[in-house]
Amino acid sequence: MNLLLENKINTELCKIFNKLKLDDRFAFVKVSDRPDLSDFQCNGALALAKITHKNPREIGTMIAEELQKCTFCESISVDGPGFINLKLKDDVIAQNADAMADDERLGCGMVEDPHKVVLDYGGPNVAKTMHVGHLRSGVIGESVSRIERFVGNDVISDVHLGDWGTPMGMIISEIIMQDGSLDKVYDYDIAQITEFYKQANIRCKDDENARENARQITAKLQEGNTQYRRAWEHLRNESLKAIKANYEQLDVNFDLWWGESDAHQVCGEVVRIARENDISEVDNGATIIRLEESNKPKPPVIIVKSDGAFGYQLTDIATIKMRVEDLHAQEIVYFTDSRQTLHFEQVFEAVQKLGIAPNVKLQHIVFGTVNGADGKPFKTRDGGVMDLETLIAMSKEKVSQSLPKPNEVEGYGTAEIEKLTQQIAIAAIKFQDLKNTIASGYVFELDDFAKFEGKTGPYIQYAVARINSVLRKAAASGLQTGNIVLQAPEERSLALKLAQVHNVVMRAHTDKEPSIIAEYTYNLAQTFSTFYNACPMMNANNQELVSSRLKLAKLTRDILKLMLYLLGIEAPEVMLKAENK
RNA sequence: GUACCCGUAGCUCAAUUGGAUAGAGUGUUGGCCUCCGACGCCAAAGGUUGCGAGUUCGAGCCUCGCCGGGUACGCCA
């Protein structure tokens, strides 16, 4: 099964390159940068010319002459310094689209070597309200998780709570200081817990005694003190409830709700391995693992602090051990912002020295921070952090203004309108995030995040809803889909755009880059809109064209829905609009 | 101080191994609802890719130097 036009051409090119004794690494095409000249272009002749010091146009002409013999090209030319331009026959593109429509995976292939991938994203902390800073990791992680599963990998996602460090001791210490005991702790909800944590932070900032107290309580908690342990469990559970509610709103899901605390036992084992194999050494009372320094200085990993407590990097190392031994991970991917780059370099290097994860691919996907208009991490207008719940509520409020009120439209009561509002608001928030390449930060536009127009989630949802509407009407009129024929240029462009889907998904998979899918999804919706405006479907000239266009529309709808799914965005059947204006 | 990342249209962002005429959205200006959903479509204007050298047939991308912004740098996580 080979539903990708590019693969079809590449296979042919490969044969030709071999026949001409050319390096077949360059025997591939890409979607043309010049749609006026070609559908696909091969730059291989230029690359080869560089290596062999020959004339690129001569090499290009040689390849083009062989290519003339193949059956699927409409035209082949060598242009400019040596670009090989290919234009495909209409019926080849049409048949490809037909085959995609008949395929249950819509033409998308799978990886050749399915393996087990553990994804670590989210990473919220106990006793801290989730804010916009938590958005990216969750939203990106969820999308990558769906992409990885779709291409055939076995995925385990882990939220990995920050539930085990000094902050836990700080908050328990703060409660004892204010209440005199931990008796009331079991009545506290998330709001109160968060408040205690804020105060603990302020206190510890300039009070050495408070810090020391918190450290001691942390140590006792980790040693298994039952009183602290019970209090901690309550704090953790309350936080988890709030965190789960937030993720549920965002449709961000996890297979595992592990936390740093779950690695505690294994931390001890790792320390033993390090000591027994002389990988660690004692320095200023702390047990450390030194790392190789190249041109850049790299501080050692402190696995046991001088006071005997485990260092935070040890937790990550131990967790890798667990994921490899218990979960049989073959690949582990982390999603955090760029501030943790050095941390993971250290962790990965230490893991290698310890021999904990042989042949396991460890990857840190870095993303930029969500910034405000000033280019600094996003703050509300009064300077505070905006929590996730407020953000979602604001987006929903804005969306609901453009939707009808409950029961204004038949069949749309309170529950239905609420669901639609939710779907659109979340699409707006998620797409605004996912359309950006993850490596760079982006500016969060407070005024734009629930916009419908332009490059937005709702624009794509709208495209889907329009197609749904046409297909419903067509079905009611007894019109059916049939083989695809390409006449208008808009039909041809659409069919070509659809053919890119496999490549797009695979690139998003290898690069762990959902924005590639977001970009494509938007382009496809746009290409469809152009087609929609230029080519009437139900009122086309003849029956053959009607059924062809309906099939093209249905395939587009299915691919748009699949792409939205991979982004973690829902596609409502209809989009409603408020009556006013 | 050292290391890493970033600087592209007024604004927010793209640009798959170095390739042709650097693309979208938004904003601005103009056009398109008697026809399948105008949250749409079409068109125009908008650029010395921070600056200066170098490598190359060819540089937004590679190298070096400046300028400007960000982040991280042993016992917080």
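Labels below follow one simple rule: chain letters A, B, ... track the order of the sequence lines, proteins then strands, and each chain is numbered from 1. All of these numbers come straight from a predicted model, not from anything done at the bench. Worth knowing before you read on, the calculation uses all heavy atoms, side chains too, and leaves out hydrogens, waters and symmetry mates.
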Novice: Could you work out the separation of B/A45 and B/U26 based on their C1' atoms and round it to a whole Å?
Specialist: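 Rounded to whole Å, the distance is 15 Å.
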
Novice: Can you list, in residue-number order, the parts of residues 301-308 of chain A that come under 4.0 Å of RNA chain B, counting heavy atoms only?
Specialist: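 Output list: A/I302, A/K305, A/S306.
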
Novice: Return the nearest nucleotide to the side chain of A/N436; candidates are B/C13, B/G58, B/G25.
Specialist: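 From the listed options, B/C13 comes nearest.
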
Novice: Pairs counted as Watson-Crick or G-U wobble with both distances under 3.5 Å: what dot-bracket string results for RNA chain B, using | for bases tied to another strand?
Specialist: (((((.(..((((.....[...)))).(((((.......))))).....(((((..]....)))))).)))))....

Novice: Nearest to the side chain of A/D283 - B/A38, B/G74, B/G58?
Specialist: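 Between B/A38, B/G74, B/G58, the one nearest the side chain of A/D283 would be B/G74.
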
Novice: If I pick the P atom on B/G7 and the same atom on B/U16, what distance separates them, to the nearest angstrom?
Specialist: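 It works out to 13 Å between them.
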
Novice: Suppose we screen for ring-ring contact (aromatic ring centres under 6.0 Å, His included). Which residues come up paired with A/H502, at least two apart in sequence or across chains?
Specialist: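 Partners of A/H502 by the ring-ring contact (aromatic ring centres under 6.0 Å, His included) criterion come out as none, since no residue qualifies.
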
Novice: Measure the spacing between CD1 of A/I63 and CZ of A/F17 and express it to the nearest 0.5 Å.
Specialist: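 Rounded to the nearest 0.5 Å, the CD1-CZ separation comes to 3.5 Å.
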
Novice: Does A/L46 or A/P167 map to a spot on RNA chain B nearer the 5' end, using the closest nucleotide for each?
Specialist: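 It is A/L46, whose closest nucleotide lies nearer the 5' terminus.
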
Novice: Please tell me whether A/H343 and A/Y312 form a close aromatic pair, meaning their ring centres lie under 6.0 Å apart.
Specialist: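 Centroid separation for A/H343 and A/Y312: below 6.0 Å.
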
Novice: Taking salt bridge (Lys or Arg N to Asp or Glu O under 4.0 Å) as the cut-off, I'd like each qualifying pair that reaches into residues 525-552 of chain A, sequence neighbours left out, listed once.
Specialist: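 Sorted pair list: A/D98-A/K551, A/E491-A/R549.
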
Novice: On RNA chain B, check which nucleotide each of A/N503 and A/A525 is closest to and give me the residue with the more 5' one.
Specialist: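 The residue closer to the strand's 5' end, by nearest nucleotide, is A/N503.
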
Novice: Determine the interatomic distance between C1' on B/A9 and the same-named atom on B/A44; round to the nearest Å.
Specialist: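 That atom pair is separated by 15 Å.
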
Novice: Run the side-chain contact (heavy atoms from CB on, under 4.5 Å) test against A/S338 and tell me which residues pass, sequence neighbours left out.
Specialist: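 Expected list: A/T341, A/V366.
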
Novice: List in chain and number order the residues that pass ring-ring contact (aromatic ring centres under 6.0 Å, His included) with A/Y459, two or more places apart in sequence or in another chain; answer none if no residue qualifies.
Specialist: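 Expected list: A/Y522.
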
Novice: Between A/N436 (side chain) and A/I438 (backbone), is there a donor-acceptor pair under 3.5 Å?
Specialist: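 Checking the backbone N and O of A/I438 against the side chain of A/N436, no donor-acceptor pair under 3.5 Å is found.
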
Novice: Could you tell me whether the side chain of A/N85 has a donor or acceptor atom within less than 3.5 Å of a complementary atom in the base of B/A20?
Specialist: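 Result: at least one qualifying N/O pair found.
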
Novice: Does a distance-only test, which skips hydrogens and angles, find a donor-acceptor pair under 3.5 Å between the side chain of A/K298 and the base of B/G74?
Specialist: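 No, no donor-acceptor pair under 3.5 Å.
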
